[in-house]
Structure formats: structure tokens, C-alpha cells
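See below for the structure under consideration.
So that the names make sense, note that chain A is the first sequence line, chain B the second, and so on, each numbered from 1. The structure displayed is predicted, hence computed values, not measured ones.
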Amino acid sequence: MIRPEGQIPLPACDSRRQPLPLRSVKIKVFVTPKRNVLDPQGAAVGHALESLGLSGLRASRVGKVVELDVDGPDTPQFRAQLDKLCRDLLSNPVIEDYHYEIAGA
Amino acid sequence: MNIAVLQFPGSNCDQDAFQLFASGLKLPTRFVWHKDTRLGDADLVVLPGGFAYGDYLRCGAIARFSPVMGAVLEYSQKGGLVLGICNGFQILCEAGLLPGALIRNSSLEYRCMTCELKVEDAGPAFNPGTVGSRIRLPIGHGEGNFRIDAAGMRGLAANRQVILRYLDNPNGSLDDIAGVRNEAGNVYGMMPHPDRAFERFHPSRDGLSVARAILAARFPDVIREIA
Amino acid sequence: MKRAGLPPNPDPVLNQPITLELVRKHGLLADEFERIRGHLGRDPTLTELGIFSVMWSEHCSYKNTRPLLKEFPTERKGATAGFGRVLVRAGEENAGIIDVGGGWAVAFKIESHNHPSAIEPFEGAATGVGGIIRDIFTMGARPVLVTNSLRFGELESPATRRLLRGVVAGIAHYGNCVGVPNVGGDIYFDRSYEGNPLVNALCLGTLRHEQIRRGRATGLGNPVYYVGAATGRDGLGGASFASRELSAESASDRPAVQKGDPFMEKLLVEACLEMMAVPGLVVGIQDMGAAGLTCSTCETASRGGAGIEIELDRVPQREPGMNSYEIMLSESQERMLVIVHAGREQEIEEVFAKWDLHAARVGTVTDTGRMLVRHHGIPVADIPAPALTDGAPVYNREARRPAYLDETSRWTPEGAALADLDPAGAQAALPRLLSHPTIASKRWIYRQYDHMVQHGTAVGPGSDAGVVRLRLGDSERFIAISNDCNGRYCYLNPRRGAMIAMVECLRNLACAGAAPLAMTDNLNFGNPYKPENFYQLRECVAGLAEACRFFDVPVVGGNVSLYNESPDGAIDPTPTVSVVGLIEREAHITRQFARAARGRLILLGGAPTELGGSQFLGIIHGKKTGDAPAVDLEAERRLQDFLLGQIKAGRVGAAHDLSEGGLLVAVCEMLFGPASLGAAVDLSALPSPRLDALLFGESQGRVVISAAPVDEAAVVAAARAAGVPADSIGAVTAGGTLSVRTARASLEWDVPGLRAGWETSIETAMKRPGLG
């Protein structure tokens, strides 16, 4: 019944950088509609931008940003937990992609 | 026989769902608060419409983690009957108990109106014979646009999981899908409101047919008694 | 003798000397300031100045209108201890309450949020809905329906479209989430509202008599609780005095408009009703609306004849470093003040913990009669509570009849040599009127509102009156509600225009099968310091009061919104009225949509004859002039009584009164229901000196009903016997043609074509490219 996690590729996240030994972390999670999913809001915004003079618009998607301030160091375990929370709560993997940026306090 | 209607913070059609069963079908019905971790011995669990947790983040995204949902998961895995109406449907999709996802109406506007629906052949319990071939049910939602990927759509078709389709699509749902069931056939979800179609003065009383059909497959004697 | 002043405020910024300039910036006059010093026996602190400025503002004190409002009848004469008695009168509490029988009652009120909606239409309208819902459940009632009266400029203007889109979305967002069905309302588009939209929101709730709760603080030592959302700096953008000097950064920190959270409100509704159901727990309760914590504290103290002391440190705050001025004046939404019995603190805290809401004890009831506010333990405001409420100044403004009335009231079509319609003109006029936004279908608006939640809506938006089934324990009652006000009539004849607003609502109720119970009104006018505006206000109140007394329909509450004007001038005087009525039995519920089966059409009230103030005159001739249509209260009463009697006798299929657009528009509106119909109308027997007045005049006291052929003659005879003019005017047909015969013309229209224009007008104007 639960979505088979193995079928969903983990999106690229900020883990190309080595985790830093920080006392607290500021995280920005970006959640956007998957490219192949209908985004009525993105379409509406795109049309409005065009009517305001933006030419050459190829795509417009509207997503959300979740900003978190968390105590404690940025460790691989923390990142694994963050990924799970992104998949379970902050995004709906059926229709959304996510990635995040982490900075020190 | 007893029907359990869940109440999340922000559910606002809980009384409507309650009355559909209690006064419409004259069945013993009770509420279960979202913080309860036990359902008791329910024969049908109903997730009602509304704005659980304000629809924050995504409709149903937070409600699916409510304490009661652990019990709902277990109950449904054992084959228990579940019905999600509107916000309830959204919660069941977020929880992975039903396939697909509901996003914003393509018009970007909330829509409240009565819709003509085609009842699909979704198996022995839910089909034009048990429900009627065409029914009219009200909708009231801003995020009823049903989405699923191509593989999921093929699965729905192969397993006859679509239960209702709009005749005049009000929200952009893929393939006009208004309601689905899970593969095992014990979990149902629909955006239209059977709980707004049972009183004498409602636009129709087809909500009673829908509720009866879902129960009758499991409890034919009870439904015969009250018919 | 001068009282000792208070110690310095913990926030140094608030320890400014009180200058007259500061007083003026707070919207207070020099002699109002003297009064304040008289009440206090010393100069006020800056926090106290802020407190007086909001409590003595027009919005909170009604200082310019209180003498007028005394004219309204607030009791029913006809009911004694029985059905329909007023249980809580206008002005006593946050909303009035009237008995509906069987130990049950309804609380309802209308309120405006005009200026915030002009600035931020979505949040302005949303918080307007939130505020009125709180006014209802603070009385102990469960909210069961909302309606709205909206006024905008002309839809051609992009600014108007932006306002309409935002206001409708805001009302929908809030009402839908809280789960209260929006079952009706009225909306007009007129140039006079350009830049000054009107957003009047009504809420009605049900309760048992013993569930009535009042906003009063009594009982020395009783704890005072703050429940709901945390306090932020909402609504303080206009105030110049807060913790930091106004810099670009601090200004953007402070939202000028309140932002609503309907999810929080829904939790608050449930938690408060649950709390109020605990026997004997709640002593008093009031919502924090305009002027937030200030208003709720001093009003509950004042009503209870008691005092309250509060410690601001205990107030849940969502922003750091708020000072006493900000906390007292914040307009953060979704907060309530509750006084409970001492010793029962745990019970209230348990209820709110269940709903995950704040319930903080912030103070105590005293016997000093004063509102004493401390911050960090230091007194920052110490004011006799009645000084803020009853002690507010009352003014009698000057009234002067506006000069324009000399011209407009004397205008007649004959005097102006206005050419009558010829058949081609009549043919063209009907579709133009039907597609004008004021007359056209409002479906684009109300399909965004949930009008079915709570499963009790029997007649939703689109008919003359909304009808809801109230579940009252084991019994049920059908309630009908109608909103109205034609501002143009009020502009052309304030007294009569206001009377018409009332009478129109009563006719709408009668058409639905309901007898009136009580009314609420929202007076929307311009700057009262302009004598012409005040004249309009005074005359409108007089007209409303006269109609209320005549029909014995009490005013159970209402609201005043002044200063609705721009440099170009004030809005049309718009006293919006909403009347609630009861339908005896479900079988009496009547809608405005005709059906072929009972399709004989009868016009009650006689041929329309007047063009003054009509939509026809405005749309076809571009004129806003003439006298408002005549009103004959006795004739209106005969008509309503007769109609209700026929409905109860089962003889009426559909009923619809004539209003904007006159007779032909009314007939069309009866055809634009679920079925596809036409009609063959014959007006040739009616006197018609002018074709335009006959077809489109807006004479009052007219209703079209449909009846079965077998009943037609009996209905006409009964009407005439009752002193109500009645004429058979034809029948509904199954085809798609509307044919109209008069003495001088034979006209025909394709009904689907008329309907398409009517149905799509607003939707087309509001369409955004590229959306499904």
C-alpha cells in the first residue's frame, strides 16, 4: 500500500558538498511540481508574465520554499533524516520534486 | 454494525458524513477524534470532507500523520472498509492507501455545484447495477484535480479501480476521474459528496445509493433490513 | 485634583510627551482630549491615548450616529412571551438574538470591512467574514450560514475586476475553510462605488436559550483568559507609534492589514462551543475584533460593572519585543477573551489543549470598575472602563438636503421628453439589461462559495432568498434570509430608498414562503461631517425605522461604516438590509424558477409605471435621475400576506418579485432555472401609457407568480378580494421563445440566447487567459 520508495530516484541535493561540522543549520527546502505534472498555477502565472511583457517564456512552475532553523550539527545521519522528511511530509513524490540547500548559522 | 467517522482538526463535513449514515441510513454511527489510536470495532471508517490542518502544505499532507492514521492503516491492511470523501480522499492518497494525487482545480477556483456522474463498473460491489448508471452528487472543492502517472493509469484500468467519472469535468481531473478504489476493493475515495445528497431537499438523494452500495457488498443482510 | 501619573513605560519610545499634534494624529479632537483628561484626572500615557483613540473612533463608538440609531425599534410588539421574542437586543452585546420557538433561538448580525477590502481585497474580505463569525459564536451560537452584500465600481475597469476577484476569493477562502455555507447575498456594480467597494458580511447561528453567553466580566477574582492565536503587529501599520521609529525596515515589519487564518477560526469555534457547553464554566466571553484586546477588555468590564486587570507579559505573542501600545491595539485575528469561574481554570485549559490552542490566563476581574493594564509588572494604562464605552462623546451632526435632489426628484420622462421605446428598441433593450453585471447571473461568484456544507441548504444562491434547514435537536426549522439595498434609489430619495431596501427583503421572503422575524442593517455612507451626507444618513435611518415599525420587524443589530468616499465624492447612500424569516413547513418553500406544469403567470400589484432610478434609465439612456419608485406600505403588506396565504394553500408554483430591470427581467429570471423554458406573455390588457415603463419600470409592490391552470382564476379572484391588483399575463411554454404582446407591440426573443448573455456576462469579464 505504501508507495514503493525504490522506484523513486532520490533527487539531487546539496550532499555533493561534504557535511560541515556546524552547531546549527539553516535549511531551505525547494518543492516544485514534477516537470511532467500539470501545474495550473504555473500556467496562470506564465500567462500573466507574458501579458506584462515577458517574451520568450518557455516554462513556468510554481512551488514552495520551506525554511528551517535546526539545532545541532549537519551530519550524514541528519541528512538522511531530512531526506525522509522531505519525501514523507514536505513533498508528495507522486507529483513533486524537492531539493534543499544547507548553510551554517 | 457501526460506522466510525474520523474528526481531524479542520474537518468541517464530519457532521454531514455522520448524518448520511445516522439519519440517512439509520445506522449506528460515532465519531473518532484524530488523537485516538484505536478505532474500536468499526465496520466502516469514514474520512470526511473539510480542511484538515487547514490544508497546509498540501491537502491531507499533515493529517496523514495524525495518531489515528496508524490504526486506519492497520485496519485497512486487514481488509477493513474505508471511505474517504473529498478531503478524506485527499488524506487517503497522501497516506498511500489510494493511488494518485489531488491537485488544484485547473480553473484555480473553488467549485461548488452539483455534478452528473457516470458510475463505472468497478467490480461486484460498486457498479451501475448496485449504484445506478448515472447519479448526481454535489462537489465542493478547490483541489479536486486527480493526477496519476501513465503506469498508474494503466493499473487503474486493468483492475477496474475507477468508480466514478464526471460527465462535465469541473476541475481538470485526468480522464474525468471523480473517485477510485484500491486494488483490494476495501478502500474507496471520491471528491463528490454523498453526504450532500441524502435529504429530501438536497439536489438528489443519490448519496444514499453510493453509501448503500459500499456497505452492501460487505454487509448484505444489514442493508436489506434498512432498505 | 490631579491624580498621580503612571510610572514610565518599560519601552522608552512610549514615554513621549503628549502633544496636540500627537492627539490629532490619533484622530482625536482637542476637546475630546480634554474629556480624556477629565476622565483620568491627569494626562494620558501614550498607550492610554492609543486606547482612547480606538475606543472613541467612529467604528467602535458610533459617536456620530448613536442619536440616529435610537430610532430603530429593537423589540417585536407582536410577540410577548412566545414565539419571536427578542432575547438579546441590538446594542446590548456582539449580536442580537431572537427566539424561534421550542426553546431555540438564532443570533445574527451584519458587519462591514469596506476600507480594508479596498486596500487588500482578499484579506480584507476574509477577515470581514472571520470577524462576523466570531461575533456569532461569542454569543454561544453555532454559525450555520453566511451571506454577503457587495458593491463595486463598473466591471469594465480593471481595478474593479481586481477587487471583485480578490474579495470573492477572500470570502470563499475563509467561509469555505471554517465550514459555514454561503447561501446568498446581493451585489451591484455602479460608478459611485469606484475605489470604495463595500463588503458587508453577515453570519447567523443557532443556539438554545440557555446557551446564550454575554460579553460581561463579573465576579471579583474570576480569572480572565486569552484564547486563540498569538498576538502580532497586525493592523498597526497605520499607527505611528510602536517600538521603533518608523524606518523602511520597521514599516515593512508591520502589516497594515489583518491576515486571517480560517483554520485557526474553525478550531476556535469548536473549542469555544465545547467550552461553553461545560455547565457553569463560562462567566463571559467576547471576541477580539476591532481594537483587539483593548475593546474586549473594557467592554466586558463595562457591561459587567466591574474592573479588569491584565498583565501583558502573559499575552501569547508571536513577535519579539512588542510594547504595551502594540499589544493593546493589535488587530491579530482569531482571538477571544473569556472570563471563567475561579477554581475552574483547569477545565478551560483542558478544552483548549485538546484543540492545540493557546489558553493563557492574562488577568483577573476586580471591583474597581477600572481597566488596569500592566507590562512587566508596571502599570501602563489605568482607565475607568465606562469612560471608554459609555463615556465616548456623542455628536449631533448637521444635515442639509443636497441640492441635486431638487433636480433629480422633479425629473419625469414626460418633462424630459424622453422618447418611449419602439418595438425595435424594446427588442434590443432586454438582452442589454440581462447582460449588465448588476442584473446578470452571479454564478461566477457563488460557485466559488461552498453553499452546501452542513448539509442543510434547501435553496442556495441564485433565488430570491436563501433557505436553510436548521437542525434544532430532534426538531427542524426552515429559515429564509434575504439581503438588499438599491443605492441608486437611496441617492434619489434617501428615506424612500431605505424603505424600499426593507420592503424588498420582505417581498423576497414572502416569495420564498417565509414570514419575517427580524432584521440587521449595515449603514454605508460617506463623511458624516459633510451635511449632505449626514442628511442622507438621517433620512435613510428614518425610512428604515418607519418600515421596521410598520411591519413589526425589530432591528437586532447592525453596523455603521462611514467615510466611504474619495475626492470625487461619496458612494451612493447604501443602508444594506438583511431580513431573516421562518418558513412554517418544508412544503411551503418556494423558489423563483417556473416549471411548465404550473405555468400560468399572474402579475400581482398592477402594471409598473415608473422609470425613476431604474436600471433601464441608467443602462439605455445613461441617466441616474428621477424620484425613487413610490412605496405604499399598506399595499406591500396586503401583497405579502396574500402571497404567503396562497403559498400555504398550495397554489403557487414559483414566485418572484419585480426589482432591477422590471417586469421583463423578472419573467426571464423565472425562466432561467433548471429547466429550459419559454413564455407567452400578454400584457395588452394592462394600462400602459409608456412601453418602457411597462416592460422595465421598477415600481414597487409587484410580484409574478406561476400557478396551475386549474388555480389561476381562483388566485386572481382571491387577490382582488384581498385588495391586491391581479392580472393574468400568460403562461410558461416548453419551447425556447419568449413572446410578449402589448397594446402597441409584439415582441419575441430566443430564450437560450437571452440566457447565454445573462449567464456568461460576468464570467466572460472575469476570464483569465489560458485557464480551463
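- Rounding to the nearest 0.5 Å places SG of B:Cys59 at 11.0 Å from CG of A:Asn92.
- Here the shortest heavy-atom pairing between B:Gly100 and A:Val94 reads C-CG1, 4.3 Å.
- In terms of non-hydrogen atom pairs under 4.5 Å with chain A, the most contact-rich of B:Asn145, B:Leu57, B:Asp149 is B:Leu57.
- Rounding to the nearest 0.5 Å places CZ of B:Arg147 at 14.5 Å from NZ of A:Lys34.
- Annotation for A:Leu89 and B:Arg58: closest pair O-NH2, 2.8 Å, computed over non-hydrogen atoms.
- Heavy atoms of other residues, nucleotides or ligands lying less than 6.0 angstrom from CD of B:Glu183 number 12 at most.
- The distance from atom CZ of B:Arg64 to atom CG of A:Asp88, rounded to the nearest 0.5 Å, is 5.5 Å.
- When each of A:Val66, A:Val37, A:Leu90 is checked for heavy-atom pairs under 4.5 Å with chain B, A:Leu90 comes out on top.
- Separating the CG atom in B:Asn105 from the CD atom in A:Gln41 is a distance of 11.5 Å, to the nearest 0.5 Å.
- Heavy atoms from other residues, nucleotides or ligands lying under 6.0 Å from NZ of A:Lys64 number more than 12.
- Heavy atoms of B:Leu174 lying under 4.5 Å from chain A are absent altogether.
- Counting heavy atoms of neighbouring residues, nucleotides and ligands inside a 6.0 Å radius, atom CZ of B:Arg38 does not exceed 12 of them.
- Within the 4.5 angstrom heavy-atom criterion, only side-chain atoms of A:Ile95, from C-beta onward, approach chain B.
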